[in-house]
Asker: 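Shown below is the structure under consideration.
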Amino acid sequence: MKSVSETPVRVRFAPSPTGYPHLGNIRTALFNWLFARHHGGKFILRIEDTDRARKVEGTEEAILDSLRWLGLDWDEGPYFQSQRLAIYRDITRGLLEKGHVYLCYCPPQRLETMRREQAERREPPKYDRQCRHLTEQERAQLESTGANPVVRFRTPVEGETTFNDLIHGAVTFKHDTLDDFILLKSDGYPTYHLANVVDDHLMAVSHVLRADEWLSSVPRHVLLYGALNWTPPQFAHLPIILGPDRARLSKRHGATAITEYQKQGYLPSAMVNFLALLGWSLDDRTELLSIDDLIKHFSLQRVGKTAAIFNRDKLDWMNGVYLRQLTLDEFVQQAIPFLDRDLPESVERPLDRGFVGSVLSLVQERARTLGEVPELTRFFFEGELQYDPRLLLAGKLEAPEAAEAVAAGMARLLQIQMWDAETLEGTLRPLATELGISTGKLFGLLRVALTGRTAAPPLFQTMMVLGKEKCMQRLERAAQLLSAFSGLEA
RNA sequence: GCCCCCAUCGUCUAGAGGCCUAGGACAUCAGCCUUUCAAGCUGAAGAUCAGGGGUUCGAAUCCCCUUGGGGGCACCA
């Protein structure tokens, strides 16, 4: 399982705090983490906070929370690029001395105009290199105006750059399709290209696993590595994850922040399993894999090239599978915060753990997310039920007939000593025969009376958990509702 | 507009020239089980492997073109 390569495996997850991490971001983190763990290497966390304007408050914490939630622990970091400005500046100075970069004084307005004109002429938008050939005099002149220059890379005009991507194979870009990109902004902060290359090198990153959208900036990075006389890491560009509309994942897709899934009651284990299968597969049949399985089997060779659409239905199914695999104790543990949060306010807190356990044992195999649990179990906790009385006749019984059945049931139930599922069934099943209605109809009627709905856990177990008192109250209430019906019809 | 990437059931995917009359999973439909709902089991439907040319005795698999989709081309990452 261990890699035999000379250099130790060191990978990083390098998000920017400009938005809340979504499925795609986290899938990238997961693949990096799995790769590191599989090879016994290091997983480094680096926050790329070099854009002061776009920084969004709270996103750094969200990134850490998301990783922690899924158990993607990091071995180093988080490093913050905003704290490493001196490093980028020093390196830029060295590049300047060697003539690999130059100072550019073009004001943003000029660049904008230039790009607009290029668009009109249907030319690719590229910096026209005006400052690349400045004479000493011109430079001094511009310098004296007090303008803060940016630093641009002197991209070779001719030739091409080819690199080998671990997933895509050889990829070639001609240099004349590139322009002189900016390394250092006028505010002294580095751009992604500079900071990324410098840090990956300084942090001895061996493999860069990141989303496909970066593929086209690799030639710039390779050129930079060359200018710095550094050996580039290995690159692997992962397929991106698309929304249901085939567009890139974005805010428009609703629950995009990964923490939303946590709030909706998905388990980290299910999330990890699901995410791992978005772009990676073990074979032609395995769907369910534990974290250990994933670490054991993960390999870049089995990462696909095609963008994947995130399929919520399958996530729901998988989460249900993981929910059912929990012991009852674990399920209770996981579900309680959701009950606390979403059960009606009228339900008294704190919830009785023993009672919650009995309730949850009846819905564990019925829930696909923990978020559904409160709604699934609400009637166990509530006092008087609110429901449409017509549901009582959903079994196609006439109102008088139904009223009679409920009354007979109550009379019978009053007499029994034990209140367990077996006794209840033994009491009520014969009653159906005596009343001359099918068990289905009788049980359906009682189900509505006791739960307020037509779909609920098995009747006798439900009654047992509900307890005799509550059951009798609800039957009484149903009887009243039914008599009101009969009155109407009369 | 230019550059790059990608292309197997609705969706996630298996497939690295003959094992493919293209396999699995989710979703869908039907049956079984059954007091309802789930779960479970069984089965069905669903892909002319984007289209067209090659290469080869043989192509989903290799090459080319077309089409489609995606990404990039910022003092954003």
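Letters A, B, ... are given to chains in the order of the sequence lines, protein chains preceding strands, and every chain is numbered from 1.
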Asker: Between A:Thr172 and A:Arg122, name the one whose nearest nucleotide on RNA chain B is closer to the 5' end.
Answerer: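 With A:Thr172 and A:Arg122 compared, the 5'-side residue is A:Arg122.
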Asker: Between B:C26, B:C73, B:G1, which nucleotide has the shortest distance from any of its atoms to the side chain of A:Arg220?
Answerer: B:C73
Asker: Quick one: which of B:C75, B:A39, B:U35 gets closest to the side chain of A:Glu365?
Answerer: B:A39
Asker: Between A:Asp51 (side chain only) and A:Thr18 (backbone N and O only), is there a donor and an acceptor less than 3.5 Å apart?
Answerer: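 Not at all, since once roles are kept as given, no pair shorter than 3.5 Å links the two residues.
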Asker: Fit a plane to each ring of A:Tyr192 and A:Trp214, take the angle between them on a 0 to 90° scale, and name the class: parallel (under 30°), tilted (30 to 60°) or perpendicular (over 60°).
Answerer: parallel
Asker: Under a 3.5 Å cutoff, is there a donor and acceptor pairing between the side chains of A:Asp316 and A:Tyr266?
Answerer: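 Their side chains do contain a donor-acceptor pair, which is all the 3.5 Å distance test asks for.
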Asker: Can a side chain N or O of A:Arg312 be found less than 4.0 Å away from OP1 or OP2 on B:G10?
Answerer: no
Asker: If I pick the C1' atom on B:G54 and the same atom on B:A59, what distance separates them, to the nearest angstrom?
Answerer: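 Straight-line distance between the two C1' atoms is 12 Å.
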Asker: Just compare B:U35, B:C5, B:U13 and give me whichever is closest to any side-chain atom of A:His168.
Answerer: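 Of B:U35, B:C5, B:U13, B:C5 is nearest to the side chain of A:His168.
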Asker: Is it the case that A:His168 and A:His237 place a side-chain donor and acceptor less than 3.5 Å from each other?
Answerer: no
Asker: If the C1' atom of B:C4 is compared with that of B:G10, how far apart are they to the nearest Å?
Answerer: 29 Å
Asker: Let's see if you can work this out: which of B:G71, B:U35, B:A27 has an atom nearest to the side-chain heavy atoms of A:Pro458?
Answerer: B:U35
Asker: Looking at A:Arg302, I'd like to know whether one of its side-chain N or O atoms comes within less than 4.0 Å of OP1 or OP2 on B:G15.
Answerer: yes
Asker: Checking base pairs now: Watson-Crick or wobble, both atom distances under 3.5 Å. What partners B:U48?
Answerer: none
Asker: A:Arg429 side chain: which of B:C76, B:U35, B:G24 is closest?
Answerer: B:U35
Asker: Distance check, P atoms only: B:C37 and B:C32, in whole angstrom units.
Answerer: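 The answer is 13 Å between these two P atoms.
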Asker: Counting only Watson-Crick pairs (N1-N3 plus N6-O4 or O6-N4) and G-U wobbles (N1-O2, O6-N3), all under 3.5 Å, who is the partner of B:C2?
Answerer: B:G72
Asker: For A:Ile240, which contact category applies under a 4.0 Å heavy-atom criterion: base, sugar-phosphate, or nothing?
Answerer: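 The answer is sugar-phosphate, as A:Ile240 gets under 4.0 Å only of primed atoms, P, OP1 or OP2.
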Asker: Out of B:A39, B:G24, B:G1, which has the shortest distance to the side chain of A:Lys314?
Answerer: B:G24
Asker: Look at the side chain of A:Glu287 and the base of B:G24, then say whether one donor and one acceptor between them are separated by less than 3.5 Å.
Answerer: yes
Asker: Could you please name the option among B:A25, B:A77, B:A14 that lies closest to any side-chain atom of A:Ser281?
Answerer: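 Between B:A25, B:A77, B:A14, the one nearest the side chain of A:Ser281 would be B:A14.
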Asker: For B:C41, what is the paired nucleotide under Watson-Crick or G-U wobble rules, both distances under 3.5 Å?
Answerer: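 Base partner found: B:G31.
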Asker: As a test of reading the structure: which of B:C75, B:C73, B:U13 is closest to the side chain of A:Ser186, going by heavy atoms?
Answerer: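 Closest nucleotide to the A:Ser186 side chain: B:C75.
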Asker: With heavy atoms under 4.0 Å as the rule, sort A:Phe310 into base, sugar-phosphate or nothing.
Answerer: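 No contact.
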Asker: By nearest heavy atom, map A:Gln81 and A:Lys174 onto RNA chain B; which one lands nearer the 5' end?
Answerer: A:Lys174
Asker: Taking the minimum atom-to-atom distance to the side chain of A:Thr177, which one of B:C3, B:A74, B:G71 wins?
Answerer: B:C3
Asker: Measuring only the P atom in each nucleotide, how far is B:C57 from B:G68? A whole number of Å is fine.
Answerer: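 Approximately 35 Å lies between the P atom of B:C57 and that of B:G68.
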Asker: Which one is paired to B:U56, where only Watson-Crick or G-U wobble pairs with both distances under 3.5 angstrom count?
Answerer: none
Asker: Would you please classify the geometry between the A:Phe173 ring and the A:Phe163 ring as parallel, tilted or perpendicular, with 30° and 60° separating the classes?
Answerer: parallel
Asker: Is B:A25 paired to anything, Watson-Crick or G-U wobble with both distances less than 3.5 Å, and if yes, which nucleotide?
Answerer: B:U11
Asker: Would you call the rings of A:His193 and A:His221 parallel, tilted or perpendicular if under 30° counts as parallel and over 60° as perpendicular?
Answerer: tilted
Asker: What integer number of Å spans the P atoms of B:C2 and B:C63?
Answerer: 24 Å
Asker: P atom, B:C29 versus B:U48: distance in rounded Å?
Answerer: 23 Å
Asker: Check every strand shown and say whether A:Ala308 touches a base, only sugar-phosphate, or nothing at a heavy-atom separation below 4.0 Å.
Answerer: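 Answer is sugar-phosphate: A:Ala308 comes under 4.0 Å of backbone atoms only.
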Asker: So, A:Asp199 and A:Tyr88: side-chain donor and acceptor under 3.5 Å apart, yes or no?
Answerer: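 A pair is found: one side chain offers a donor N or O, the other an acceptor, under 3.5 Å apart.
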Asker: So if I take every side-chain heavy atom of A:Pro125 and compare against B:C2, B:A74, B:A27, which nucleotide ends up nearest?
Answerer: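 Comparing B:C2, B:A74, B:A27 against the side chain of A:Pro125, the answer is B:A74.
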Asker: Expressed as a whole number of Å, how far does the P atom of B:A77 sit from that of B:G24?
Answerer: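 Between the two P atoms, the distance is 48 Å.
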Asker: Taking the C1' atom in each of B:G15 and B:C49, what is the distance between them to the nearest angstrom?
Answerer: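 Approximately 10 Å lies between the C1' atom of B:G15 and that of B:C49.
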Asker: May I ask you to verify if any side-chain N or O of A:Thr454 is less than 4.0 angstrom from the OP1 or OP2 atom of B:C37?
Answerer: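 So the side chain of A:Thr454 is outside the cut-off, no N or O lying under 4.0 Å from OP1 or OP2 of B:C37.
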